[in-house]
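Read the numbers this way: they start at 1 and go in the same order the structure lists the ligands and their atoms.
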Amino acid sequence: MKGCDGSVLLDGSAAGPSEKSAIPNLTLRKQAFKIVDDLRRRVHKECGRIVSCSDIVALSARDSVFLTGGPDYAVPLGRRDGLNFATEADTFANLVGPSANTTTVLVRFAAKKLDTVDSVALSGGHTIGISHCPAFTDRLYPTQDPTMDKTFANKLKVVCPAADTNSTTDLDIRSPNKFDNKYFVDLMNRQGLFTSDQDLYTDKRTRGIVTDFAVDQELFFEKFAIAMVKMGQVDLLTGTQGEIRANCSVRNSDNYMLLKEVVELEVEEMGLSMF
Ligand code: HEM
């Protein structure tokens with residue numbers, strides 16, 4: 001949560017809830033966690049336990065961007081997985097909510113050493129994917145946000161007829177499954193889904209960057225790649241810090257299967273039988 005240490009992958013423990021079960025992360029897709037551990041299993045089968053879950057997440061993000069039409073970029077590797085659970089309070093303190101304005105977005109990103117251009121470029125990650133209604137219905141009910149295009153708002157009201165429905169809609173109405181610069185065209189047409197998106201076009205500090213990205217996809221791709229590499233280096237564990245998890249959702253010290261494997265190996269090395 002505080003950095004790229006794979007803490008969001010950890011299941012909760014008897015000691016308490018984890019970052020994964022904190023409210024803002026409940027919409028993270030279960031399938032994504034399965035895919036990360038499936039990749040981990042395949043990599044470890046080929047190479048042994050030398051690639052961390054946090055590196056696998058960074059590489060998966062890179063490949064998802066490229067495979068949906070975005071830029072290809074090199075990802076520095078060598079991250080280690082964290083041993084600490086992030087608390088729910090850590091999660092709220094470090095994440096930006098969808099109702100945040102540009103000032104909050106810039107302050108929170110700056111705390112991670114990401115500048116204004118990085119913040120706008122990374123928000124462009126909303127060029128793909130979906131959102132559940134509760135993340136934006138505050139812009140529809142009880143009063144409609146005047147910065148939202150009226151036709152767009154009416155369409156959203158059909159998808160989310162009440163303030164609390166759990167339906168979903170696309171983040172980028174122009175090209176929801178393609179990694180391109182249309183998200184910035186959406187913002188210029190007042191069709192950004194979240195306040196945190198739309199306010200980037202309202203705020204004078206970021207408006208010019210939104211326009212630049214809307215008219216120049218190559219520029220957006222270049223700045224996005226730079227910002228992803230920077231974000232992927234926030235508060236890293238390297239060298240002998242942390243560990244390489246044998247299951248991305250469990251710390252090795254809590255992993256009974258790993259313990260059994262290690263004991264079996266030691267017994268085998270000693271030429272003994274377990275039975
Ligand atoms: C200002 C910072 C950000 C805020 C407030 C924010 C907020 C959100 C919210 C509320 C959702 C919808 C979750 C749901 O209801 O299912 C979402 C989805 C998404 N966000 Fe962000 N986000 C931010 C930054 C980022 C960044 C930096 C990236 C990547 C570079 C990103 C990529 C995505 C993607 C790909 C989805 C779609 C997930 C899916 O389809 O399941 N977001 N974001």
Side-chain angles (χ1 to χ4, degrees), residues 1 3-4 8 20 22-36 57-58 60-71 73 75 91-139 156 159-160 163-173 175-184 186-187 192-201 203 206 209-210 213 220-221 223-234:
M1 162 44 41
C4 300
V8 75
K20 196 191 254 181
I23 291 165
N25 287 330
L26 287 179
T27 51
L28 292 176
R29 299 196 208 189
K30 308 282 171 283
Q31 181 72 3
F33 292 110
K34 284 206 189 85
I35 291 171
V36 168
V57 170
S60 306
R62 178 200 66 181
D63 290 355
S64 308
V65 168
F66 182 63
L67 291 172
T68 50
Y73 55 92
V75 174
T91 310
F92 277 105
N94 284 275
L95 276 186
V96 188
S99 308
N101 62 15
T102 300
T103 298
T104 306
V105 170
L106 295 181
V107 167
R108 290 283 175 91
F109 277 67
K112 303 292 175 195
K113 300 194 172 62
L114 296 162
D115 64 24
T116 305
V117 174
D118 297 328
S119 308
V120 179
L122 287 171
S123 296
H126 289 167
T127 175
I128 45 172
I130 55 164
S131 170
H132 294 75
C133 296
F136 57 86
T137 42
D138 62 328
R139 302 187 68 203
L156 292 179
V159 181
C160 313
D164 60 353
T165 65
N166 220 23
S167 306
T168 60
T169 194
D170 297 325
L171 293 176
D172 168 10
I173 56 157
S175 54
N177 299 317
K178 190 163 174 10
F179 196 104
D180 58 16
N181 65 341
K182 295 289 188 292
Y183 160 88
F184 297 102
D186 298 340
L187 301 191
L193 196 58
F194 307 139
T195 302
S196 64
D197 297 318
Q198 192 56 55
D199 201 48
L200 296 173
Y201 190 64
D203 194 297
T206 44
I209 307 170
V210 170
F213 290 164
F220 164 51
F221 281 8
K223 300 297 181 194
F224 181 82
I226 292 170
M228 282 297 279
V229 171
K230 270 169 108 174
M231 185 168 70
Q233 291 180 12
V234 170

Contacts of type side-chain hydrogen bond (donor to acceptor under 3.5 Å, both in side chains), residue T104, not counting sequence neighbours: N101
Is the backbone N or O of A22 less than 3.5 Å from a side-chain atom of N25, with the two atoms forming a donor-acceptor pair by type? no
In Å and rounded to the nearest 0.5 Å, what is the CD1 to OG distance from I128 to S64? 6.5 Å
With F184, which residues qualify under ring-ring contact (aromatic ring centres under 6.0 Å, His included), at least two apart? F213, F220
Distance col, row I130:CD1 vs L171:CG, nearest 0.5 angstrom, shows 8.0 Å
Residues which pass ring-ring contact (aromatic ring centres under 6.0 Å, His included) with Y201, listed by chain and number, not counting sequence neighbours: none
Sub-4.0 Å heavy-atom environment of ligand 1, residues by chain: T27, R29, V96, G97, P98, V105, F109, L122, G125, H126, I128, G129, I130, S131, H132, A135, L171, F194, S196, F224, M228
